Structure formats: structure tokens, C-alpha cells
J.: 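One structure follows; several queries about it will come next.
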Amino acid sequence: MASSSDVETSQASLDGVGNRPSYMGLSGRKLGLAVSIVSTTGFLLFGYDQGVMSGIISADPFMDYFPETYHNATWQGFVTAIYEIGCLFGAIGILLFGDALGRRRAMIIGAFIMIIGTIVQCTAIKGHNATVQFIIGRVITGVGNGINTSTIPTYQAECSRTTNRGLLICIEGGVIAFGTLIAYWLDYGCTYGPPDLSWRFPIAFQIVFGLIVLIAPIWLPESPRWLLTKDRHDEAVHVIAALGGHSIDSQDTIQQANIIMDSIRASGHKGGITPFSTLFTGGKTQHFRRMMLGASAQLFQQIGGCNAVIYFFPLLFENSIGTNHNMALLMGGVNMIVYSIFATVSWFIIERAGRRKLFLIGTIGQCLSMVLVFACLIPGRRTANGAAVGMFTYIAFFGATWLPLPWLYPAEINPIKTRAKSNAVSTCSNWLFNFTVVMLTPVMLDKIGWGTYLVFAVVNACFFPIIYIFYPETKRRSLEEIDLIFAKGYMENMTYVKASQELPFLDAAGIEAMSRQYGFPGSEDRIKGDFGVEEKTEQDVVEKV
């Protein structure tokens, strides 16, 4: 496993043409694609794990093997939801140690822990505290997933170009649906096999994805922004050049490195370790506000009811609509096909429609879908087909908007100084309320029935004014431009939504000039053009703007 600080340098090579570095023999778009493939595999694994219990938890072979869960809504909710507690612990681990570990190493550790947890679950033996062992395995797997989901969006954001950052992280979020789709249909197929196969194989299959996330990052570059916070300038320049497809002495490489360095100095992020107190500061950098924006997006994703549909879709159909188990599983698989199809919608419109508009559209769609579900399940006016339509439209709106956006927004809204810790806080928010919703949903369905969907409808309606008033747009913005949006709002005493609308789109020179205008630290100790690249003066930059 990669543990040395020199791994990045040893794995980078120069192709001999203009000092162009490469990793695994790849540079430019091909290297970016490799980073994206590994990142999306991590979220495919996340989606698979999210959906695998749905077809297992209420199946007779599983309930016979783990008798505590036998038609017991509380135990079924607990065995499913305890995974989220593990994920919460993993996210807390990144909150504490993420800055020291780095992005790549954290991904490798997370995948390794997930594989160990999977093995623990699969080797449970009936009559030997099998349920306890299964729960422990669920928690361990959750810890690994919490580490990965706290790290991967940050890694992807920091290794991406401004023009495709939103698309790539939306693809990450979207493949969660494809992972869930694979899990649902694998669950369904395994019901036709021997009893043990019906639950052991679907759980064990996630090791396939885990091995990719465990092994592939060993040969990938570390985040250049993380390297620069550690004062590992030479390695960072190598990575920036490799990701951009440029030589290490090109003007583009040096200028990009200097913009990131200016951002690091502006945030006061020296030495790479951010104290927790920094998360609660305001001023030009607005660390606390930005952390809360990201965390609220993750909170809203969970309490909007998504996992009430994803985890318990078969249970919802059996208990609320009245189908048999086989038909419920089959309809769950069809629902996941709809989920996956609509999860790709954001890939095509995220950089056109923007984050705010998709958040708002998704909120309205989810709210109205839940209204349809509860209205069709009111006793005396029960219309099962209408309720089923409501669940399908809910998952369609969720897949197109609220599935990927809460993973994208925290990764780009937070500044480099607090990005790792703030992203971890956001992910902690996700897993804490994920656990709450997954734990309570079976009980709510049992106690209040159709009222469960009324609760989710009201909750979704409350999102709209908060997003409209407080969420600034970040589409087509570099991570450094987003810093300037908050500086502009604070310095010019305007709302941050308005600041995002008024700030012009800036090139590298414009970012440098506006940073000086808002009084961010100057350009001392900049990375020099040691390879013959002429540095621009402040006057040159101002004139260009």
C-alpha cells in the first residue's frame, strides 16, 4: 500500500518530450479519465452497498438465518441502518485525520476496510451469534464507505478542470443509482438459487468493486492542491502538468500552480493541517457559512425521503400497496432502472442549468410525488396504482437532481483550507440522518402508514425557500473563483446569491487581480518560472483584466 511521501514522485515519469510528466503512462484527458473511473467505481460501490440489503432484509432465507429480523420492523431497520453508523465513524475519521492522510491514501484505506467488513458479514455462521457478527461486519464496511464518500468528491474536484468538474462529480453521484440497480437485480436473481446464495453472494460481490478502489489509486497522482498545502511543490507541479497534459515548465502549469498557492495563502492554510476552530470563522472566507451550505445539502438529501424509497422499496410495496414479495422485488428492480436512467440527466444539463435551478426543480418534484403517494393511500380513497406512480416519479426527480448534487456542492463550495474537514462534516450529516431515516421508516410505516409520505412531502416543501435565499450558483466557476464570490458578498455587503450572479467569469489573470482587490495575501513565495517562463507583473495582470 502507498504510504511513503515520495510515492507520487516515484510513480510519475517524464516522457522525454518537453518534460511532460505522466502516471501509468497517461497524461492530460486520459489521466483525468483514469482518475474519474476510479472515483466513480468508489461511488458505484457505495450505491451497490446502499441497495443490496433492500432485496435481502425481508426475504425468508435471510430472516431464517438471522431470526431476530423475522418480520420485525425494528430489527430490520436496525440491521440495515447500522451500516450508516459505520459510515458516520468513517467520515469522522476523515474529519480528524483527512488532512494528514491525503486523498489517495484515504481511498486505499477505505477500500481495504470495506473488503474486511464484507468478509466478516459473509462468514457469519448460523447459531454462533450470526446476527451479532453480521452487524459488526456492516459497521466495519460502513467505516470504509464513510472514508471513501468523504474523500472521493474532494479528490475528483481537486483533480478536475473547471469546465468538467460538475459533470464528473455528477457522474460519480449518478453511478450510485447504477450500483443500486446492480444490487437490486442481483438480489432478485439470487432468490432463485439456494437459500445461502440468496444473501451471501450479493453481499460478497461488492469485493469486486472494492479491489479496484484498493489497487488502482496506488498508481494515480495525489491531489495537487493537497500536495501544495504540504509544501511539496515539485510533486504538485508534476501532477498539475500531467493532469493538464503540459510540460512542467509551461506557462499554463506554473500559472495554475501559482493560482492555487495564492488561494492557499489567502485562506491561511500553511502546513496542511486545519484546526477545527477554523470551520467556525466568517470574514472574507466565510468558512462557517460554506460548511453549513454543504452540510445542509447532504441533510436535505436524506430527510427528503430518498432512502425510505431506495432501502425499503419492496417493503413499501408489500406493506403500503399490498403486493407479494416476488412482485415487490420485481417492481423494485424496475424502479431502479428508472432511477438509473434519470440519474444520467444531470450529466447533460449540470453545467447549463446550474446547481441552484436543479436543486429547486428536484425539491418541487419530490414534494409533489410524495403528495401523490400519500393522497393515493388514504383509507377509503386507496389507489395502489397512483401510489406506485408517485414512487416512480419521486425516484426519477431524485435521481436527476438530489442524488448527485449534494456530493458536488460541498466539494466545490468549500475553500481549500477547510475543504477536507468541511466535506467530512457534510458527509457526517449525510450518514447521521441517513441512519435516522432508515431506522425510523419501517416503524413509521407500521405506526402511521400513509402519514409517512405526508411527513416527507412537508419536509421537502421546506427546502425551497432555504435554497432560493441562501444557495449561490457555482456553475462554470473555478474553485478559486468560488472563494471570490464569498469575498465579494462580504466586502460589498450583498447576499452571496447576488454576488455569484454579479461576479464576472474570470480567467487566471482576473482571479489574481480580484484577489488583490479584496486584500488577499500577495504573491510572495510564488512558484517561479525556473524553466524560462516569464512571470507576469501585477500591472500586466490588472491591464489584462
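Here, residue 1 is the first one in the sequence, and each next residue gets the next number. Please read all numbers here as calculations on a predicted model, not as lab measurements.
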J.: Hey, does Gln298 have a side-chain heavy atom less than 4.5 Å from the side chain of Trp431?
T.: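 They are not in contact (no side-chain heavy atoms under 4.5 Å apart), so the answer is no.
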J.: Distance from Ile254 atom CD1 to Met261 atom CE, nearest 0.5 Å?
T.: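 So the gap between those two atoms works out to 11.5 Å.
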J.: Please say which of Asn145, Thr141, Asn434 ends up in a side-chain hydrogen bond (donor to acceptor under 3.5 Å, both in side chains) with Tyr83.
T.: Asn145
J.: Give, for atom CD1 of Ile207 and atom SG of Cys122, the distance between the pair rounded to the nearest 0.5 Å.
T.: 6.0 Å
J.: Quick one: does any side-chain atom of Ser429 pair with a main-chain N or O of Val425 as donor and acceptor, under 3.5 Å?
T.: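 Absent.
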J.: Is it true that Phe359 and Tyr409 have ring centroids separated by less than 6.0 Å?
T.: yes
J.: Is there a side-chain contact between Tyr471 and Leu360 (heavy atoms, below 4.5 Å)?
T.: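 A side-chain contact under 4.5 Å is absent here.
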J.: Do Tyr339 and Thr180 come within less than 4.5 Å of each other through their side chains, counting heavy atoms only?
T.: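 With C-beta onward as the side chain, the pair touches.
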J.: Test your reading of the model: is there a side-chain donor-acceptor pair from Thr253 to the backbone of Asp249, 3.5 Å cut-off?
T.: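 Checked: no pair found.
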J.: Supply the atom-to-atom distance Tyr155 OH to Glu172 CD, rounded to the nearest 0.5 angstrom.
T.: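 If we round to the nearest 0.5 Å, Tyr155:OH and Glu172:CD are 11.0 Å apart.
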J.: How far apart are the closest heavy atoms of Ile350 and Cys170, and which atoms are they?
T.: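 For Ile350 and Cys170, the tightest heavy-atom pair comes out as CG1-SG, 3.6 Å.
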J.: Please walk me through it: do Arg477 and Leu503 pass side chain to side chain contact (heavy atoms under 4.5 Å, CB included)?
T.: CA-CA 10 Å; Arg477 298 287 189 183; Leu503 184 74; 3.8 Å; yes
J.: If you look at every heavy atom in Gly362 and Phe397, which pair is closest and at what distance?
T.: O-CB, 4.4 Å
J.: Taking NZ, NE, NH1 and NH2 as the nitrogens, is one of them in Lys498 or Glu492 under 4.0 Å from a carboxylate oxygen of the other?
T.: no
J.: Using modelled atom types and a 3.5 Å cut-off, is there a donor and acceptor pairing between side-chain atoms of Arg355 and backbone atoms of Glu473?
T.: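 No, Arg355 side chain to Glu473 backbone: no donor-acceptor pair under 3.5 Å.
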J.: Quick check: does any side chain N or O of Arg356 sit under 3.5 Å from a backbone N or O of Ile467, one acting as donor and the other as acceptor?
T.: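 At least one qualifying donor-acceptor pair exists.
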J.: Please assess His238 against Leu227 for the test side chain to side chain contact (heavy atoms under 4.5 Å, CB included), listing each intermediate value before the final yes or no.
T.: CA-CA 10 Å; His238 270 74; Leu227 290 170; over 6 Å; no
J.: Run the ring-centre check on Phe280 versus Phe276 and record whether the distance is less than 6.0 Å.
T.: no
J.: Between Arg20 (side chain only) and Gly245 (backbone N and O only), is there a donor and an acceptor less than 3.5 Å apart?
T.: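 Yes, because the side chain of Arg20 sits within donor-acceptor range (under 3.5 Å) of the backbone of Gly245.
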J.: Between Leu293 and Ser296, what is the shortest heavy-atom contact and its length?
T.: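 Minimum heavy-atom separation between Leu293 and Ser296: O-OG, 2.8 Å.
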J.: Does the side chain of Leu45 come within less than 4.5 Å of Ile212's, by heavy atoms?
T.: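 SC-SC contact between Ile212 and Leu45 ruled out.
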J.: Could you tell me whether the side chain of Arg419 and the main chain of Thr154 form a donor-acceptor pair under 3.5 Å?
T.: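 Not a single qualifying donor-acceptor pair exists.
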J.: Between Tyr468 and Phe464, how do the two ring planes meet: parallel, tilted or perpendicular, split at 30° and 60°?
T.: parallel
J.: For the NZ atom on Lys357, are there more than 12 heavy atoms of other groups (residues, nucleotides or ligands in this structure) within a distance under 6.0 Å?
T.: no
J.: Please examine the side chains of Leu479 and Ile260, heavy atoms only from C-beta on, and report whether any two atoms are closer than 4.5 Å.
T.: no
J.: For Ile37 and Thr40, work out which heavy atoms get closest and say how close.
T.: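 What the structure gives for the nearest pair is O-OG1, 2.9 Å.
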J.: Any side-chain heavy atom of Asn430 within less than 4.5 Å of one from Pro406?
T.: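 The answer is no, as the side chains (C-beta and beyond) never meet within the 4.5 Å cut-off.
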J.: Between Ser422 and Met291, which heavy-atom pair has the shortest distance, and what is it?
T.: OG-CB, 3.7 Å
J.: Kindly determine whether Thr363 and Trp402 satisfy side-chain hydrogen bond (donor to acceptor under 3.5 Å, both in side chains), including the steps that lead there.
T.: CA-CA 8 Å; Thr363 296; Trp402 277 99; 3.2 Å; yes
J.: Just say parallel, tilted or perpendicular for the rings of Phe300 and Phe463, cut-offs at 30° and 60°.
T.: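 Parallel, since the angle between the ring planes stays under 30°.
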J.: May I ask you to decide if Ile215's main-chain N or O and Trp219's side chain share a donor-acceptor pair within less than 3.5 Å?
T.: no
J.: Whether the side chain of Thr41 engages the backbone of Phe209 through a donor-acceptor N/O pair (distance < 3.5 Å, no angle test) should be reported.
T.: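 No: the side chain of Thr41 does not pair with the backbone of Phe209.
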J.: Given Ile413 and Phe486, is the side chain to side chain contact (heavy atoms under 4.5 Å, CB included) satisfied, shown in steps?
T.: CA-CA 10 Å; Ile413 202 72; Phe486 287 91; 3.8 Å; yes
J.: Would a 4.5 Å heavy-atom cut-off, applied to side chains only, mark Asp483 and Arg290 as touching?
T.: yes
J.: Identify which one of Val175, Ile176, Leu181 satisfies the side-chain contact (heavy atoms from CB on, under 4.5 Å) criterion when paired with Ser340.
T.: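 Only one option passes, and that is Leu181.
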J.: Once rounded to the nearest 0.5 Å, what's the spacing between atom CG of Asn423 and atom NZ of Lys421?
T.: 12.5 Å
J.: If the threshold is 4.0 Å, N to carboxylate O, is there a salt bridge linking Arg232 and Glu222?
T.: no
J.: To the nearest 0.5 Å, tell me how far Lys417 NZ sits from Asp99 CG.
T.: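 It is 11.0 Å, given to the nearest 0.5 Å.
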J.: Do side-chain atoms of Arg103 reach the backbone of Ser223 as a donor and acceptor pair under 3.5 angstrom?
T.: no
J.: Look up atom OG in Ser36 and atom CD1 in Ile171, then write down how far apart they are to the nearest 0.5 Å.
T.: 7.0 Å
J.: Check whether Lys230 reaches the backbone of Gly102 with its side chain - one donor and one acceptor, N or O, closer than 3.5 Å.
T.: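 Checked: no pair found.
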J.: For the residue pair Tyr518 and Ala487, what are the closest heavy atoms and their distance?
T.: CD1-CB, 4.1 Å
J.: Between Gln302 and Phe435, is any pair of side-chain heavy atoms under 4.5 Å apart?
T.: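 No, their side chains stay 4.5 Å or more apart.
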J.: Run the numbers on Lys488 and Ile485 for side chain to side chain contact (heavy atoms under 4.5 Å, CB included), then give the verdict.
T.: CA-CA 5 Å; Lys488 180 179 179 67; Ile485 288 173; 5.9 Å; no
J.: When you measure from the centre of the six-membered ring of Tyr496, is the NZ or CZ of Arg289 under 6.0 Å away and within 45° of the axis?
T.: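 No, Arg289 and Tyr496 do not form such a contact.
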